[in-house]
Amino acid sequence: MAERSTAAVDVADNSGDEPLTAQADQSTADGVAKNRERDTDSDEAQGSGGAERPGKTSAPELHSGHKLARRYRLEDCVTRLDGFSSWRAVDEKLRRAVGVHVLPADHTRARSVLAAARSSALLGDPRFVQVLDAVEENDLVYVVHEWLPDATELTTLLASGPLEPHDAYQMVSQIASAMAAAHREGLAHLRLNPNAVLRTSTGQWRIRGLAVNAALRGVSSDTPQRTDTEAIGALLYAALTQRWPYENDAYGLSGLPKAVGLIAPDQVRAGIHRGLSELAMRALVNDGATASRHESACATPEDLVKAIGEMPRIRPPEPAFTAPPEYQRTTYQQGSYGRPSVHPGATQTVRTPPPPLQSRTGKALKWAVSALLIAALGLGSWQLADALMDQNNSDDTNQTQTTDGDDNNSAAPKPVQQLKITGSQEYVASGSAQAPEDVGNTYDGDSSTFWRTKNYTEGPPLAPYKPGVGIVYDLGSAQDISAASIGLRYAGDHTTAKLYATDSLSPSTGISGMKEIGTADASGTSLTVKASKAVKTQYVLLWITAVPYAPTDGYSGAGYRQAITDVKFTG
């Protein structure tokens, strides 16, 4: 398969049944790539990162709120280096989040970035984060791409530990097949690292920055297929061991010990799948050696796909199943109704009935007992009638006093107790924080101080700009939460607030992993959220998903916003 010499090739002359990019001459040597990925630069949340070569032109002076093509409103700058910047933005026409790379039109790499973006857009493979637009306008060049709010970077996944064998198998299978398809169309990535690989909430793996990430940084390679294949091997190595397969630390992972060289993953950690360990070594450059000397090295993504196909399929782990409790038949169904149950293994003792009273003395005793019972019944009936007559002759005052006495004996309701807040921290689900330095104002006892959200141009719902904003409160210890009263600065439209139980001031899960306590709406300056059921927790998230329209005041212009003045929890 012929390879490209750079990551971006212009597609202006492509037509008909020709491939998406022009094919280059056959490479004469396809060994180690010139630009091996060992940099430790942090990629942006949904863009590309790292710097290979400095540009000659500085990044344009842009700011939050700036609009491109009267459509794409810039929100948060996630990368600014090497003469370009990358942003999280909002497509106001389609009301969705997007990512945008921006650089001056006279930047030394502006032409190659446009060509790479258009080539990637023409591929149209859903396994890659799609390029939506590539435009040169008003002395700027910008590339618009998908933003996946439900996706998680491989870097983040590996921060908590290595992947399970089935997850690692799925990752390398999907990434290798996607890159093989891209190379068949003459497209290379050249910056395939843990920051460029995403896993969606449905378990699918996506690749971002195809051709574009390398073009932004001027990265090229004489052997692009070998470069991308080695990168896939490094991804698999990191997924199995939680280590970066080179001496330098990178992407939040520790490198291998110096002077040891590249060792197989199953020699780094115990219990690693042998087949996946050998596959990683076959993809990585190791002076011609592999984990198994009987297997040849994989030089292209296509070779890697074939090697994966020859492996036995790794099945997902069996789901944990708890057997239901054994069905217990009732004593009636067991035929022992009215008799005590017998435990298994125990011997039932059969009681011998007493002999009947057959003698003349026995008969006399039965008659005497019968007479006593009749007399007792008569005496009891007379006393009952006498008591009923006395009750009818009693007055209403006595009845009232009796009733009051019964009420005084009833259980008193449990008193409501205000819970003490010992700490707090703003919770940021996506994008930038609101006002983290002011969270203490919400429980300082002073209603004139407050914590305020940013100003939004549309509402009341914060989506799609943000899923919500809020503060996590620490109650010192686990407490039963019954309600929360919230003082609000701005009235109008409606404010929607929810309470969630979470595990710390910096929750380890998203909103979907928290337990909801209650929700409420308000149009005034106070809001009460009552617990729908009993919940005991130490950390409570106050989560706001809708804010009212507020006029201009001394803090900001007119727009959708809210401020919290006082928060009190009761249990």
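One is the number of the first residue; the rest follow in order along the sequence. Side chains included, hydrogens not; waters and symmetry mates left out as well; all remaining heavy atoms used.
Of the options S85, C77, S86, a side chain to side chain contact (heavy atoms under 4.5 Å, CB included) to V102 is made by S85 and by none of the others.
Listed by chain and residue number, T200, Q204 satisfy the side-chain contact (heavy atoms from CB on, under 4.5 Å) test with T202 (two or more places apart in sequence, or in another chain). In this structure D266 satisfies the salt bridge (Lys or Arg N to Asp or Glu O under 4.0 Å) test together with R274, sequence neighbours excluded. Residues passing the salt bridge (Lys or Arg N to Asp or Glu O under 4.0 Å) test with K67 are E92, sequence neighbours excluded. The side-chain contact (heavy atoms from CB on, under 4.5 Å) search around P257 returns R243, V260, not counting sequence neighbours. Listed by chain and number, the residues in a side-chain hydrogen bond (donor to acceptor under 3.5 Å, both in side chains) with Q267 amount to none (sequence neighbours excluded). Residues meeting the side-chain contact (heavy atoms from CB on, under 4.5 Å) test with E310, sequence neighbours left out: none. T509 pairs by the side-chain hydrogen bond (donor to acceptor under 3.5 Å, both in side chains) definition with nothing, not counting sequence neighbours. Residues forming a salt bridge (Lys or Arg N to Asp or Glu O under 4.0 Å) with R206 (at least two apart in sequence, or on another chain): E146. Applying the side-chain contact (heavy atoms from CB on, under 4.5 Å) rule to V439 yields the partners S424, E426, W451, I471; only residues at least two apart in sequence or on another chain are considered. Under the rule for a salt bridge (Lys or Arg N to Asp or Glu O under 4.0 Å), R269 has no partner lying at least two apart in sequence or in another chain.
When all heavy atoms of G203 and Q174 are compared, the closest pair comes out as O-NE2, 4.2 Å. Of all heavy-atom pairs between V472 and S504, the closest is CG1-O, 3.5 Å. Considering every non-hydrogen atom in both H273 and P165, the closest pair reads CB-CB, 4.4 Å. Pairing each heavy atom of A110 with each of A105, the nearest pair is CB-O, 3.5 Å. The two residues D91 and R71 come nearest to each other via the heavy atoms OD1-NE, 2.7 Å. Heavy atoms only, all atoms of each residue included: A176 and I308 are closest at CB-CD1, 4.1 Å.
Expressed to the nearest 0.5 Å, how far CG of N193 lies from CG of N213 amounts to 8.0 Å. Separation of atoms NE2 (H166) and CG (L276) is listed at 11.0 Å; rounding is to 0.5 Å. Separating the CG atom in L236 from the CZ atom in R282 is a distance of 12.0 Å, to the nearest 0.5 Å. In this structure, the separation between OH on Y72 and NZ on K93 is 8.5 Å, given to the nearest 0.5 Å. Considering OG1 of T241 and CG of L253, their distance stands at 7.5 Å, rounded to 0.5 Å. Here OG of S221 is found 6.0 Å from CG of L190. Values are rounded to the nearest 0.5 Å.
Contact of the Y251 side chain with the L235 side chain is not registered, since no non-hydrogen atoms from C-beta on lie closer than 4.5 Å. Using a 4.5 Å heavy-atom cutoff, the side chains of K498 and M514 are not in contact. Side chains of Q170 and I314 form no contact here, defined as non-hydrogen atoms less than 4.5 Å apart. By the 4.5 Å heavy-atom criterion applied to side chains, R80 and W87 are counted as neighbours. Side-chain contact between H183 and T300: absent, with no pair of heavy atoms (C-beta onward) separated by less than 4.5 Å. Side chains of L154 and L163 form a contact here, defined as non-hydrogen atoms less than 4.5 Å apart. Side-chain contact between L284 and P245 is present, with heavy atoms from C-beta onward closer than 4.5 Å. Counting heavy atoms from C-beta outward, F84 and V113 have side chains that stay 4.5 Å or more apart.
Formation of a donor-acceptor pair under 3.5 Å by the S120 side chain with backbone atoms of A116 is not found in this model. For the pair T502 (side chain) and Y539 (backbone), a donor-acceptor distance under 3.5 Å is absent. At distances below 3.5 Å, not a single donor-acceptor pair connects side-chain atoms of K306 with backbone N or O atoms of C298. One N or O on the side chain of D249 and one on the backbone of G255 form a donor-acceptor pair closer than 3.5 Å. Remark: side-chain polar atoms of E247 are not paired, donor with acceptor, to backbone N or O of L256 under 3.5 angstrom. A distance-only check finds no donor-acceptor pair linking the side chain of Q242 to the backbone of L240 [under 3.5 Å]. Checked by atom type and distance alone, the side chain of R73 never pairs as donor or acceptor with a backbone atom of L68 at under 3.5 Å.
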Inset, instruction - Mind running side chain to side chain contact (heavy atoms under 4.5 Å, CB included) on R96 and L132 for me, showing each step along the way? - result: CA-CA 12 Å; R96 64 178 179 181; L132 306 175; 3.5 Å; yes
Inset, instruction - Could you go through the side chain to side chain contact (heavy atoms under 4.5 Å, CB included) check for E278 and M311 one step at a time? - result: CA-CA 11 Å; E278 293 184 355; M311 288 177 54; over 6 Å; no
Inset, instruction - Show your working on side chain to side chain donor-acceptor pair (under 3.5 Å) between W543 and T545 and close with a plain yes or no. - result: CA-CA 7 Å; W543 189 237; T545 58; 6.0 Å; no
Inset, instruction - List the steps and the verdict of side chain to side chain contact (heavy atoms under 4.5 Å, CB included) for E302 and Q225. - result: CA-CA 9 Å; E302 197 71 49; Q225 293 204 47; 5.6 Å; no
Inset, instruction - Decide side chain to side chain contact (heavy atoms under 4.5 Å, CB included) for L279 and L304; before the verdict, give the C-alpha distance in whole Å, the side-chain angles of both, and the deciding distance to 0.1 Å. - result: CA-CA 8 Å; L279 186 67; L304 201 54; 3.7 Å; yes
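A salt bridge links R208 to E153: at least one charged side-chain nitrogen sits closer than 4.0 Å to a carboxylate oxygen.
Counting only residues at least two apart or on different chains, the salt bridge (charged side-chain N to carboxylate O under 4.0 Å, His left out) pairs with a member in residues 126-136 are R111-E136, D125-R127. A salt bridge (charged side-chain N to carboxylate O under 4.0 Å, His left out) check over residues 156-173, counting only residues at least two apart or in different chains, returns the pairs D167-R199.
Between the side chains of K515 and T537, no donor N or O sits under 3.5 Å from an acceptor N or O.
Using cut-offs of 30° and 60° on the angle between ring planes, the pair Y246 and W244 is perpendicular.
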